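A short write-up of the structure that comes next.
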Amino acid sequence: MSGRRACSSRPPCHSGGVPAKPRSISPPPARDIAGPLLHWYDAHARTLPWRAPPGNPAPDPYRVWLSEIMLQQTTVAAVRPKFDLFTTLWPDFAALAVADEAEVMTAWAGLGYYARARNLIACAKVVVAKHDGRFPATEAQLRALPGIGDYTAAAIASIAFGQRAVVVDANVERVVARLYAIATPLPAARTAIRAAADAITPDARSGDFAQAMMDLGSGICTFRAPKCLACPLHDRCDGFASGAPEQYPVKPAKLAKPQRYGTIFWAERGGSVLLVRRPPKGLLGGMRSLPTGPWADTPPGLADAPLDIAWRTLDRTVAHVFTHFGLELSLAVGDVEGHSAIGANIGEWWPIADIESAGLPTVFAKAAAEIRRVQ
DNA sequence: CAGTCGTGGGA
DNA sequence: TTCCCAAGACT
């Protein structure tokens with residue numbers, strides 16, 4: 001299926017002067033990649049809480065899945081403490097499937113991309129309800145589960161179930177684009193990158209191969225200043241031979257981020273502050289938050305204030321940058337003493353001293369810290 | 001396909 | 001400081 005076997009692994013390719021016939025649609029790799037890469041991995045694999053040492057039996061699929069979801073667009077350093085927290089609170093699918101969803105969202109707070117947490121819960125419920133509490137072991141069945149896309153399905157199939165799967169993440173894209181000096185810009189290059197990744201993926205130790213590619217991309221074949229002389233593949237890398245490996249993969253120009261403006265409303269009542277729950281989908285969906293007005297192209301002032309009280313605007317703002325826009329928040333504070341019935345129908349009064357336990361997304365945690373500092 | 005969706009860290 | 005990225009998925 002991969003067309004990756006080298007001539008050296010079978011009887012002589014040529015006999016009687018007859019040219020070898022192509023065996024595969026995609027061009028066969030001109031050099032062995034998996035061999036030296038796995039050899040390097042055996043000596044240099046990172047030790048990670050969700051990972052089995054090279055060559056060992058596959059780790060718990062639940063832990064592999066949880067780590068893969070958390071690691072989507074997220075650094076290992078950020079994932080480590082959250083992985084420890086989640087595996088302590090919910091050690092398996094059965095526990096997560098019956099978990100209090102608000103507690104899961106609170107535990108996820110700060111990690112970002114909160115749809116992952118919503119899909120995490122949904123996936124655990126499906127696994128328990130339809131798969132008897134265990135993952136289905138085929139890539140196609142994994143792909144059908146909430147929050148599991150092409151990359152994660154392949155990663156779980158190979159790492160947790162020992163199946164051959166073509167695992168392509170940003171690391172693999174970078175390593176492969178450099179190995180073959182693929183000059184086509186992304187995203188058009190993805191077809192060729194995937195074909196090349198398929199061609200170099202071995203049948204045996206497919207999961208170790210995937211993790212080795214990611215370790216290589218993370219520590220050696222880095223986005224800038226790759227450490228080529230420490231790379232086990234540099235003697236067979238077109239990018240290294242070109243003298244400018246960092247130019248691959250070629251990426252499209254980025255668009256400027258728009259700037260938006262909003263207002264945070266800090267309503268106090270006897271040492272507590274009013275918190276609300278954001279709508280279930282969209283930006284920061286499902287997360288507990290401070291009340292906000294609209295996020296608009298110009299400062300919206302006190303529009304959409306959660307309570308009809310006297311607001312005082314602080315002489316400071318809080319800046320935050322999301323993936324696709326910047327946000328500058330004005331800060332409005334108000335005292336609701338004497339309005340004790342107010343607010344109960346729109347949110348909850350949270351003790352200010354325990355605000356860190358509310359599970360606020362970082363943008364609101366920053367605003368809360370700034371308001372408490374200034375007050 | 002292209003836009004949406006967070007955050008922290010490295011250079 | 002500013003820019004860019006990190007084990008992508010979903011619509």
Side-chain angles (χ1 to χ4, degrees), chain A residues 45-46 48-51 63-83 105 108-120 122-123 142-160 165-175 186-188 190-191 194 197 207-219 221-227 246 249 251-258 260 278-287 289 295 319-327 359-366:
Chain A
R46 287 180 290 179
L48 299 169
W50 47 84
R51 174 184 282 186
R63 294 167 64 87
V64 173
W65 164 69
L66 180 62
S67 70
E68 289 298 340
I69 301 299
M70 288 185 165
L71 286 162
Q72 289 167 4
Q73 301 289 286
T74 308
T75 58
V76 167
V79 166
R80 277 182 184 276
K82 289 295 186 186
F83 182 82
M105 300 310 288
W108 195 276
L111 204 54
Y113 284 149
Y114 298 99
R116 292 183 296 174
R118 303 194 297 270
N119 285 329
L120 198 75
C123 183
L142 290 165
R143 178 66 180 81
L145 292 167
I148 297 183
D150 289 340
Y151 160 76
T152 303
I156 294 172
S158 64
I159 296 171
V166 182
V167 180
V168 182
D169 74 324
N171 288 302
V172 175
E173 279 187 359
R174 188 170 58 254
V175 171
L186 293 174
R190 296 222 158 92
T191 302
R194 182 176 183 82
D208 279 353
F209 176 80
Q211 294 175 96
M213 289 287 276
M214 292 189 269
D215 278 15
L216 192 75
S218 170
C221 196
T222 49
F223 172 71
R224 69 188 115 201
K227 304 167 182 63
E246 65 279 356
K251 295 196 173 181
K254 292 190 170 29
L255 306 93
K257 281 184 187 183
R260 294 183 188 165
R278 290 181 61 83
K281 295 189 175 183
L283 189 68
L284 310 175
M287 299 300 289
S289 82
W295 294 354
H320 191 74
V321 180
F322 293 104
T323 300
H324 54 295
F325 66 94
L327 182 64
L360 295 177
T362 298
V363 59
F364 301 120
K366 271 163 69 174

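Proteins get letters first, then strands, A, B, ... in listed order; numbering begins at 1 in each. These numbers come from a predicted model, not from an experiment.
You won't find any donor-acceptor pair under 3.5 Å spanning the side chain of A:T74 and the base of B:dG8, going by distance alone. Donor-acceptor pairing under 3.5 Å, judged by distance alone, is absent between the side chain of A:R116 and the base of C:dA7.
Counting only distance, with no hydrogens or angles, the side chain of A:T152 and the backbone of A:G149 share no donor-acceptor pair below 3.5 Å. A donor-acceptor pair is defined here as one N or O able to donate and one able to accept, closer than 3.5 Å; such a pair exists between the side chain of A:K82 and the backbone of A:A109.
Look at CZ on A:R260: it is 7 Å from P on B:dT4, rounded to the nearest Å. Rounded to an integer number of Å, the gap from CD of A:E68 to C1' of C:dA6 is 13 Å. The nearest whole Å value for the distance from the CG atom in A:L283 to the P atom in B:dT7 is 8 Å. Spacing between atom NZ of A:K82 and atom P of C:dA6 amounts to 22 Å, rounded to whole angstrom units. Rounded to a whole Å, the CG atom of A:L145 is 19 Å from the P atom of C:dG8. Whole-Å rounding puts the A:L111 CG to C:dG8 P distance at 13 Å. Remark: C1' of C:dC3 and CG of A:L255 are 15 Å apart, rounded to the nearest angstrom. The CD atom of A:Q72 sits 15 Å away from the C1' atom of B:dT4 (whole-angstrom rounding).
At a threshold of 4.0 Å, the pair A:D215-A:R51 counts as salt-bridged, since one of the basic side-chain nitrogens sits closer than that to a carboxylate oxygen.
For A:K251, no side-chain nitrogen or oxygen approaches OP1 or OP2 of C:dC4 to under 4.0 Å. Between A:Q73 and C:dG8 there is a side-chain N or O to OP1 or OP2 distance below 4.0 Å. Close to C:dA6, at under 4.0 Å from its OP1 or OP2, lies a side-chain N or O of A:R174. Between A:Y114 and B:dT7 there is a side-chain polar atom (N or O) within less than 4.0 angstrom of OP1 or OP2. Checking the phosphate oxygens (OP1, OP2) of B:dT7, a side-chain nitrogen or oxygen of A:H320 falls inside 4.0 Å. OP1 or OP2 of C:dC5 sits under 4.0 Å from a side-chain N or O of A:K254.
You'll find the side chain of A:M213 stays beyond 4.5 Å of the side chain of A:V167, heavy atoms only.
Counting any heavy atom pair closer than 4.0 Å across all strands shown, A:T152 reaches sugar-phosphate atoms only and no base atom. Looking at heavy-atom distances under 4.0 Å, A:L48 makes contact with a base. Using a 4.0 Å heavy-atom criterion, one finds that A:A170 contacts the sugar-phosphate atoms exclusively. Counting any heavy atom pair closer than 4.0 Å across all strands shown, A:R46 reaches a base atom. A:T362 comes within contact range of the sugar-phosphate backbone alone, with a heavy-atom separation under 4.0 Å but no base atom that close. Residue contacts for A:P146: at a heavy-atom cut-off of 4.0 Å it reaches the sugar-phosphate backbone alone, with no base atom in range. A:V321 comes within contact range of at least one nucleobase, with a heavy-atom separation under 4.0 Å. Within 4.0 Å (heavy atoms only), A:W108 reaches no atom of the nucleic acid at all. Residue-level contact check: A:G285 touches neither bases nor backbone, having no heavy atom under 4.0 Å from any strand. Looking at heavy-atom distances under 4.0 Å, A:R190 makes no contact with the nucleic acid at all. At the heavy-atom level, A:Y151 lies under 4.0 Å from base atoms of the strands shown.
Distance noted for atom C1' between B:dC1 and C:dG8: 16 Å (whole Å). For the P atoms, the distance from B:dG10 to C:dA7 is 14 Å, rounded to whole Å. Rounded to a whole angstrom, the distance from the P atom of B:dG6 to that of C:dC3 is 22 Å.
Listed nucleotides C:dG8, B:dA11, C:dA7 differ in distance to A:R224; the shortest reach to its side chain belongs to B:dA11. You'll find that the side chain of A:F322 is closest to B:dT7, out of C:dA9, C:dC5, B:dT7. Counting only heavy atoms from C-beta on, A:L284 has its side chain closest to B:dG6 among B:dG6, C:dC5, C:dA6. For A:T323, the side-chain atoms get nearest to B:dG6 when compared with the rest of C:dA7, B:dG6, C:dC10. Here C:dC10 is the nucleotide among C:dG8, B:dG6, C:dC10 with the atom lying nearest to any side-chain atom of A:N119.
Remark on DNA chain B: of its neighbouring residues A:A77 and A:H324, the 5'-side contact belongs to A:H324, judged by nearest-heavy-atom nucleotide. Along DNA chain C, the nucleotide nearest A:I148 and the nucleotide nearest A:L71 are compared for position; the residue whose nucleotide lies closer to the 5' end is A:L71.
Between A:N119 and A:R116, the side chains place no donor N or O within less than 3.5 Å of an acceptor N or O (distance only, hydrogens not considered).
The two atoms that bring A:L145 and A:C123 nearest to each other are CB-SG, 3.9 Å, heavy atoms only.
Taking the ring centroids of A:F322 and A:H320, they lie under the 6.0 Å cut-off.
Applying the ring-ring contact (aromatic ring centres under 6.0 Å, His included) criterion to A:Y151, with sequence neighbours excluded, gives no partner residue.
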